[in-house]
Colleague: 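Below: one structure in structure tokens.
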Amino acid sequence: MAAVTEDQVELVRALVAAIPAGRVATYGDIADAAGLSSPRIVGWIMRTDSADLPWHRVIRASGRPAPHLSARQLEALRAEGVLADDGKVDLCATRHRF
DNA sequence: CGCTTGACTAGAA
DNA sequence: TTTCTAGCCAAGC
């Protein structure tokens, strides 16, 4: 069963929506929590269906948002109390644990 | 039906 | 430190 079921997608969306303000999660964390095989699936879901999701709370494993979204995400995160140093978020302090 | 693109990651150079 | 590679899955053309 390699394909991602809709339940997995819904789970991913639920997990992202469940991230409290002031916390962030990595694509890999969400993928693992949702049972996905690849973190790209999470990125795919965000790109395809990010309308009602706080995607700005989802960052890469490096502690840094995607290049094209870094400015916007950093600004949104900063508004929620997530301080980023030189464009890098402190995962040790802000990473949400499911 | 096949190739390219992309909100990714970890490891290597 | 940055850049590249391989693996990964789905959508678009």
Side-chain angles (χ1 to χ4, degrees):
Chain A
M1 181 49 188
V4 179
T5 65
E6 289 193 30
D7 288 342
Q8 305 288 50
V9 177
E10 291 300 312
L11 182 53
V12 170
R13 297 177 74 249
L15 288 169
V16 174
I19 302 173
R23 297 272 188 215
V24 297
T26 67
Y27 291 93
D29 281 348
I30 296 172
D32 183 58
L36 297 177
S37 311
S38 173
R40 289 199 108 116
I41 305 298
V42 180
W44 155 65
I45 295 171
M46 292 298 166
R47 192 190 67 177
T48 336
D49 190 12
S50 64
D52 53 316
L53 290 178
W55 51 266
H56 53 265
R57 293 181 191 152
V58 184
I59 59 179
R60 309 202 334 175
S62 305
R64 203 195 140 167
H68 46 281
L69 298 171
S70 59
R72 199 192 309 183
Q73 276 197 285
L74 256 36
E75 189 177 5
L77 290 173
R78 188 179 60 153
E80 294 184 343
V82 179
L83 299 180
D85 177 49
D86 190 38
K88 291 180 288 190
V89 177
D90 184 2
L91 285 176
C92 297
T94 64
R95 189 177 190 184
H96 179 57
R97 307 192 185 199
F98 294 103

Colleague: Whole angstrom is fine here: how far is it from CZ in A:Arg47 over to P in C:dA11?
Modeller: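 The distance from CZ of A:Arg47 to P of C:dA11 comes to 9 Å, rounded to the nearest Å.
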Colleague: Rounding to an integer number of Å, can you tell me how far A:Leu36 CG sits from B:dT9 P?
Modeller: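 Going from A:Leu36 (CG) to B:dT9 (P), I get 13 Å.
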Colleague: Expressed as a whole number of Å, how far does the P atom of C:dT5 sit from that of B:dT4?
Modeller: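 Going atom to atom, P in each nucleotide, I get 16 Å.
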Colleague: Within the structure, does a side-chain N or O atom of A:Arg60 lie under 4.0 Å from either OP1 or OP2 of B:dT9?
Modeller: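 Affirmative; the distance criterion is met.
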Colleague: Between B:dG6 atom P and A:Ile45 atom CD1, what is the distance in whole Å?
Modeller: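 Spelled out: CD1 on A:Ile45 to P on B:dG6 is 19 Å.
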Colleague: According to side-chain contact (heavy atoms from CB on, under 4.5 Å), who are the partners of A:Ala76, at least two apart in sequence or on a separate chain?
Modeller: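 A:Ala76 satisfies side-chain contact (heavy atoms from CB on, under 4.5 Å) with A:His56 only.
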Colleague: Report the nucleotide, chosen from C:dC8, B:dT9, C:dA10, that has the shortest atom-to-atom distance to any side-chain atom of A:Ser37.
Modeller: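 Closest nucleotide to the A:Ser37 side chain: C:dC8.
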Colleague: Which residue pairs pass the side-chain hydrogen bond (donor to acceptor under 3.5 Å, both in side chains) test with at least one member in residues 44-54 of chain A, sequence neighbours excluded?
Modeller: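 For residues 44-54 of chain A: A:Arg13-A:Asp49, A:Arg13-A:Asp52, A:Trp44-A:Thr48.
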Colleague: Quick one: list whatever passes side-chain contact (heavy atoms from CB on, under 4.5 Å) with A:Ala21, sequence neighbours left out.
Modeller: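 Scan of A:Ala21 (side-chain contact (heavy atoms from CB on, under 4.5 Å), adjacent residues dropped) gives A:Arg57, A:Glu80.
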Colleague: Got a sec, which residues hit side chain to side chain donor-acceptor pair (under 3.5 Å) with A:Thr94, two or more places apart in sequence or on another chain?
Modeller: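 In terms of side chain to side chain donor-acceptor pair (under 3.5 Å), with neighbours along the sequence ignored, A:Thr94 is linked to no residue.
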Colleague: Rounding to a whole Å, what distance do you find between A:Asp32:CG and B:dT9:C1'?
Modeller: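 Checked: the CG to C1' distance equals 13 Å.
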Colleague: Relative to the 5' end of DNA chain C, which residue comes earlier, A:Trp44 or A:Pro39, by the nucleotide with the nearest heavy atom?
Modeller: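 So the residue in question is A:Pro39.
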Colleague: Can you sort out which residues in residues 61-91 of chain A have a heavy atom within less than 4.0 Å of DNA chain B? Ascending by number, please.
Modeller: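 Under 4.0 Å from DNA chain B: A:Ala61, A:Ala66, A:His68, A:Leu69.
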Colleague: Just list the side-chain donor-acceptor pairs under 3.5 Å for residues 58-68 of chain A, sequence neighbours left out, or say none.
Modeller:
none

Colleague: Nearest to the side chain of A:Ser38, heavy atoms from C-beta on, is which of B:dG6, B:dT9, C:dC8?
Modeller: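 So the side chain of A:Ser38 is nearest to C:dC8.
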Colleague: In whole angstrom, what separates A:Asp49's CG from C:dC9's P?
Modeller: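 Checked: the CG to P distance equals 21 Å.
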Colleague: With a 4.5 Å cut-off on side-chain heavy-atom distances among I, L, V, M, F, W and Y, is there a chain of contacts connecting A:Val9 to A:Ile19?
Modeller: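 Yes, because A:Val9 and A:Ile19 connect within a single hydrophobic cluster, where side-chain heavy atoms sit under 4.5 Å apart.
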